[in-house]
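Notes to accompany the following structure.
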There are 2 protein chains.
Amino acid sequence: MEAGDEETEIHGATGDDIDIGPLGQEIGYVLRRAQLMIFRRFFADFAAEDIKPAQYSTLMIVSRNPGVAQGRVAAALDIKKTNFVAMVSELERRGLMLRRPSATDRRSQCLHLTDTGVALVERLRSIAARNEDRIAAALGDGVYDGLFAPLRRIARGEF
Amino acid sequence: MEAGDEETEIHGATGDDIDIGPLGQEIGYVLRRAQLMIFRRFFADFAAEDIKPAQYSTLMIVSRNPGVAQGRVAAALDIKKTNFVAMVSELERRGLMLRRPSATDRRSQCLHLTDTGVALVERLRSIAARNEDRIAAALGDGVYDGLFAPLRRIARGEF
DNA sequence: TATTGTTATACTCTATAACTATA
DNA sequence: TATAGTTATAGAGTATAACAATA
């Protein structure tokens, strides 16, 4: 039984489809695969605007919280402040956002959208809304709506 | 209106919590945050065995498909074959898995678990099962079960 | 002393091109 | 000519340490 030359025993599993076994019943695996697909679509949908998911989230948050401190946005998105610096600088370089020193705490940088940034956010929001509608239609409204509560609980670590 | 010295207009959004706006209603954002939290827990739970998610998935698939070709596992996990080489080599170096040239196609490397690998997979499976039970209990069985079908559809890009 | 933003740096993950040995 | 595995390499994403200015 040591090694043997029996081909059938040696290579096995030659079918076209692989059995992923218990993986398919594990929420982590399924969640990961779903998230990768969503991101893949995201890149395609936002390619025309040259915007990546993290940039999109940043723009959205600054849009809803004009003048918010840089570090608070980073914290809300769970991005390390040290990694967030380059991303704000890039958005600033592209003329979408700008830093302004806080009047009350001169260590803080307050973030604001430029007019160009505001216009871009409008376009992004409309693309995103169309995507949500498409997904909701594909899954059925009830199923789609039902995903949010459990996913938020998981995101909060309530398990 | 150019710049202005009005503090209230300049810094804005000073509350403790940030308004993430429509982001919280977007499946991509919520899915991403949930997936990050699951991975965070995964690292903690599997730290004792020094196993990362991709390694876990690889071991599980080889466990269920002994002798499967290396490239087919990479494809099943959506990992580029070029990046998969190092990960198989590492598992082989750790004595968990081994490559054997296929008897029918000498280009192919067939993957097998070692006895150590089989024993590890047993321990990992038991940890994973406990995690699933914990999440199911936290969300409620009905809610937990209901997540899989829509997430699989999203993962397949059916939207 | 502690905090905000910053730089420098390293490590992982992911992506592309080019090679080899087989088929 | 195409495929399986490999190497080398470059680019993102993410992590820590240390610093300046300010609180």
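The sequence lines fix the lettering, A, B, ..., with proteins before strands; numbering per chain opens at 1.
- Glu92(B) has its CD atom 13 Å from the C1' atom of dT6(D), to the nearest Å.
- Residue Leu111(A) contributes atom CG, which lies 11 Å from atom C1' of dG5(C) at whole-angstrom precision.
- Counting atom types as modelled, Thr82(A) pairs no side-chain N or O with a base atom of dT14(D) as donor and acceptor under 3.5 Å.
- The base of dA4(D) has none of its N or O atoms less than 3.5 Å from a complementary donor or acceptor on the side chain of Asp105(B).
- Nucleotide dA15(D) holds its P atom 11 Å from the CD1 atom of Ile79(A), rounded to whole Å.
- Ion pair Arg40(B)/Asp78(A) flagged as a salt bridge, since at least one NZ, NE, NH1 or NH2 atom sits closer than 4.0 Å to an Asp/Glu carboxylate oxygen.
- One finds no side-chain N or O of Arg100(B) lying less than 4.0 angstrom from the OP1 or OP2 phosphate oxygen of dG5(D).
- Nearest-nucleotide mapping onto DNA chain C: of Asp78(B) and Gln70(A), the residue sitting toward the 5' end is Gln70(A).
- Taken to the nearest 0.5 Å, the NE2 atom of His112(B) stands 7.0 Å off from the CG atom of Leu98(B).
- Between the base of dT22(C) and the side chain of Arg106(B) there is no donor-acceptor pair shorter than 3.5 Å.
- The separation between Lys52(B) atom NZ and dA15(D) atom P is 13 Å, rounded to whole Å.
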Full working for side chain to side chain donor-acceptor pair (under 3.5 Å) between Arg99(B) and Ser89(B): CA-CA 9 Å; Arg99(B) 291 173 166 104; Ser89(B) 297; 3.2 Å; yes
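- Taking the six-membered ring for Trp, Phe42(B) and Tyr56(B) have ring centres closer than 6.0 Å.
- If you take CZ of Phe39(B) and P of dG13(D), they are 17 Å apart, rounded to a whole angstrom.
- Closest-nucleotide positions on DNA chain D for Phe43(A) and Arg107(A) were compared, and the one nearer the 5' end corresponds to Phe43(A).
- Across the protein-nucleic acid pair, Asn83(B) atom CG and dA12(D) atom C1' stand 13 Å apart, rounded to whole Å.
- Put simply, the side chain of Ser102(B) does not reach to within 4.5 Å of the side chain of Arg107(B), judged on heavy atoms.
- OP1 or OP2 of dT3(C) has not a single side-chain nitrogen or oxygen of Arg72(A) nearer than 4.0 Å.
- Residue contacts shown for Arg32(A) are limited to sugar-phosphate atoms, with no base heavy atom under 4.0 Å away.
- Met97(B) places its CE atom 13 Å from the P atom of dG5(D), with the value rounded to the nearest Å.
- Rounded to an integer number of Å, the gap from Lys80(A) NZ to dG13(D) C1' is 12 Å.
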